[in-house]
Engineer: 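The structure is given below, and queries will be raised subsequently.
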There are 2 protein chains.
Amino acid sequence: MTQDDSPPAAAQPDRFAHAREAQAVALLEDYVEMIGDLMAELGEARVADIALRMGVAQPTATKAVARLKREGLAVSRPYRGVFLTDSGAELADRVRARHRTVVAFLVAVGVPEEVAELDAEGMEHHVSATTLRAFEAFLAEKG
Amino acid sequence: MTQDDSPPAAAQPDRFAHAREAQAVALLEDYVEMIGDLMAELGEARVADIALRMGVAQPTATKAVARLKREGLAVSRPYRGVFLTDSGAELADRVRARHRTVVAFLVAVGVPEEVAELDAEGMEHHVSATTLRAFEAFLAEKG
DNA sequence: TTTTAAATATAGCCGTGGCTATATCGCATG
DNA sequence: CATGCGATATAGCCACGGCTATATTTAAAA
């Protein structure tokens, strides 16, 4: 209208859809990883501990567990501990490994440890398999 | 209960709170950047174009604009275009610069262009000022 | 000028992910 | 074996960020 009559460029909405998608699974990944940690440390994951570590109120953790169960990532009986299914455990392992790689990579390019830990928590969910492999390659040859 | 009686480690819930916080502003950042782009290209940002580029329905874009106005990042009169405030424009510039840096950095460490673009869209919102500086330093000396 | 089409706004719905308050259950203890 | 406490679940609230359907307004065309 002011200076350009070209169409508004039916642009790249997919990029954003993609990021939204990643965000949708991010929380599930965090919860699954945390439950995996708790199972490794304590033998079981209790809702109270999940809530404590995630920094949320207990009913919020309960709701999250319900979602995990719906997604087939966890199982639990009322008033008992929460356990990961096979696919949940597999996801937890992948998430944990990715987290470690991202942190190590950030540190390798000069980010201070604590900052790397903080930033990785949000970044990791958006790191694709391709990018993760690039990080690993970088660490391998520059280690 | 099973093997460890130590307290469940009143862990690092702050990490997650931090990531949640970053997520909260991520969408606002995307909208602001997009509006900045549209203003630069077309002289004004219309809700329809914002919706088109963000890949959302038009009422979703309208709602987002309302939020931007509440946050003091944009202004608009009913049925007219949307414009950024000074602080909105400043934010748009910062976001755009950060986006470019993150993409360039990913490419520099071996991530294919298109993947870098895709991953950056989600990652960038979690890249702290410290990490961004590390990326810039890396690019500078490794250019 | 009147009519119509396109753009914007509004209403109302859904799921997510937080919260507080409260009910219910399980277990250890008395 | 009763009871009380801690852990879990449920109810119900809120804001966000999507959506569709519909009303309203602007702008263009007849």
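Each chain gets a letter, A, B and so on, in the order the sequences are listed, and its residues count up from 1.
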Engineer: Does dT8(D) have its OP1 or OP2 closer than 4.0 Å to a side-chain nitrogen or oxygen of Thr62(A)?
Structural biologist: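 The answer is no; no side-chain N or O of Thr62(A) sits under 4.0 Å from OP1 or OP2.
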
Engineer: Taking 4.0 Å as the cut-off, does a side-chain nitrogen or oxygen of Arg70(A) come that near to OP1 or OP2 on dT16(C)?
Structural biologist: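 For dT16(C), OP1 or OP2 has a side-chain N or O of Arg70(A) closer than 4.0 Å.
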
Engineer: Please verify the inter-ring angle class for Phe105(A) with Phe105(B); under 30° counts as parallel, over 60° as perpendicular, anything in between as tilted.
Structural biologist: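 Tilted, since the angle between the ring planes falls between 30° and 60°.
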
Engineer: Taking atom P of dG18(D) as reference, at what distance in whole Å does atom CG of Leu52(B) sit?
Structural biologist: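 From Leu52(B) CG to dG18(D) P: 15 Å.
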
Engineer: Whole-Å distance between dG18(C) P and Met54(A) CE?
Structural biologist: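 That distance rounds to 7 Å.
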
Engineer: So Pro78(A), base contact, sugar-phosphate only, or nothing? Heavy-atom distance under 4.0 Å.
Structural biologist: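 It contacts sugar-phosphate atoms only.
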
Engineer: Please report the distance, rounded to the nearest Å, between CD in Gln58(A) and P in dA9(D).
Structural biologist: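 Rounded to whole Å, this separation is 7 Å.
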
Engineer: Heavy atoms under 4.0 Å, any strand shown: does Phe16(B) hit a base, just sugar-phosphate, or nothing?
Structural biologist: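 Result for Phe16(B) = nothing.
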
Engineer: Between the side chain of Arg98(A) and the main-chain N/O of Leu132(A), is any donor-acceptor distance below 3.5 Å?
Structural biologist: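 No, because the side chain of Arg98(A) does not come within donor-acceptor range (under 3.5 Å) of the backbone of Leu132(A).
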
Engineer: Measure from the side-chain heavy atoms of Tyr79(A) and tell me the nearest of dA21(C), dT8(C), dG26(C).
Structural biologist: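 The answer is dG26(C).
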
Engineer: We want to know whether His99(B) and Glu33(B) form a side-chain donor-acceptor pair, criterion being a heavy-atom distance below 3.5 angstrom.
Structural biologist: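 There is no such pair (donor and acceptor under 3.5 Å, judged by atom type) between the side chains of His99(B) and Glu33(B).
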
Engineer: Let me know, please, whether Thr60(A) or Ser76(B) comes out on the 5' side of the other along DNA chain C by nearest nucleotide.
Structural biologist: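 It is Ser76(B) whose nearest nucleotide is closer to the 5' end.
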
Engineer: Kindly say if Arg80(A) contacts the phosphate of dG26(C), meaning a side-chain N or O under 4.0 Å from OP1 or OP2.
Structural biologist: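 For Arg80(A), the contact criterion (side-chain N or O under 4.0 Å from OP1 or OP2 of dG26(C)) is not met.
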
Engineer: Distance check needed: dA7(D) C1' versus Arg77(A) CZ, whole Å only.
Structural biologist: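 Result: 15 Å.
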
Engineer: Given Val56(A) and Arg20(B), is the side chain to side chain contact (heavy atoms under 4.5 Å, CB included) satisfied, shown in steps?
Structural biologist: CA-CA 11 Å; Val56(A) 300; Arg20(B) 266 179 254 134; 3.6 Å; yes

Engineer: Which part of the nucleic acid does Ala48(A) contact within heavy-atom distance under 4.0 Å: base, sugar-phosphate only, or nothing?
Structural biologist: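 Sugar-phosphate contact only.
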
Engineer: Side chain of Arg20(A) only, please: which of dG18(C), dA11(D), dG18(D) is the nearest?
Structural biologist: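 The nucleotide sitting nearest to the side chain is dG18(D).
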
Engineer: If you only use heavy atoms from C-beta on, which nucleotide in dT10(C), dT8(C), dT8(D) is closest to the side chain of Arg46(A)?
Structural biologist: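 In terms of side-chain proximity for Arg46(A), the closest of dT10(C), dT8(C), dT8(D) is dT8(D).
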
Engineer: Can you figure out which of dG18(D), dG18(C), dT20(D) approaches the side chain of Tyr31(B) most closely?
Structural biologist: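 Among the listed nucleotides, the one closest to the side chain of Tyr31(B) is dG18(D).
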
